[in-house]
Amino acid sequence: MNLRRDVFQAIADPTRRSILMLLATQSMTAGAIASNFDTARPTVSKHLQILSECELLKPEQNGREILYHLNAGKMKEIADFIEPFRKMWDERFNKLENIMKNYKQK
């Protein structure tokens, strides 16, 4: 059975989230990415494979090296999914803040 991972399974792992943070500002090779972690390079390569399969990263062949780029479009899909929840929690915290302000005034 071939199980396809989705972006939420990919970002569930803290190492993969760290990789995404690294690549948020610049493209890097697998070796450069791996140098930021205390794990074996094959482990980092597996994380890169998963992120690429889920299209969160775009690998680009550059001579003998592969540069990994963050796929901002796919990240926007995640942000769009989370946005309604963020709005809900903002509303709840604003209500709580108003209650606390009223409580302090009494």
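Keep in mind the model is a prediction, meaning the values are calculated, not measured.
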Is it the case that the side chain of Glu53 and the backbone of Glu55 share a donor-acceptor pair, with hydrogens and angles ignored and the cut-off at 3.5 Å?
no

If you look at every heavy atom in Arg16 and His47, which pair is closest and at what distance?
NH1-ND1, 3.0 Å

What's the spacing between Lys58 NZ and Leu23 CG if we round to 0.5 Å?
13.0 Å

Looking at Tyr68 and Thr29, what are the two nearest heavy atoms and their distance?
CD1-C, 4.4 Å

Rounded to the nearest 0.5 angstrom, the NZ-CD distance for Lys87 and Glu91 is 8.5 Å

Indicate yes or no: at least one non-hydrogen side-chain atom of Thr15 is less than 4.5 angstrom from one of Thr39.
no

When you look at CD of Glu65, are more than 12 heavy atoms from neighbouring residues, nucleotides or ligands closer to it than 6.0 Å?
no

I'd like to check Leu56 versus Met75 (side-chain heavy atoms, cut-off strictly below 4.5 Å). Are they in contact?
yes

Between CD1 of Ile78 and CG of Asp6, what distance do you get to the nearest 0.5 Å?
9.0 Å

Are Val7 and Ile50 connected in a single hydrophobic cluster, I mean Ile/Leu/Val/Met/Phe/Trp/Tyr linked by side-chain heavy atoms less than 4.5 Å apart?
no

Testing the basics here: between Arg17 and Ile11, what is the closest heavy-atom pair and its distance to 0.1 Å?
NH1-O, 2.8 Å

Does atom NZ of Lys74 have more than 12 heavy-atom neighbours from other groups under 6.0 Å away?
yes

So do Leu57 and Leu20 actually touch side chain to side chain, heavy atoms under 4.5 Å?
yes

Leu96 and Tyr103: same hydrophobic cluster, using ILVMFWY side-chain contacts below 4.5 Å?
no

Do any N or O atoms from the side chain of Asp13 and from the backbone of Gln9 form a donor-acceptor pair under 3.5 angstrom?
no

With clusters defined by side-chain heavy atoms of hydrophobic residues (ILVMFWY) lying less than 4.5 Å apart, directly or transitively, does Phe8 cluster with Ile19?
yes

What's the separation between atom NE2 in His69 and atom CD in Gln26, rounded to the nearest 0.5 Å?
11.5 Å

Restricting to non-hydrogen atoms, name the atom on Ala30 and the atom on Leu48 that form the minimum distance, rounded to 0.1 Å.
CB-CD1, 3.7 Å

Which value, rounded to the nearest 0.5 Å, describes the distance between Ser45 atom OG and Ile66 atom CD1?
9.0 Å

Say whether Ile33 and Leu67 are linked into one hydrophobic cluster, either directly or through other cluster members, by side-chain heavy-atom distances under 4.5 angstrom.
no

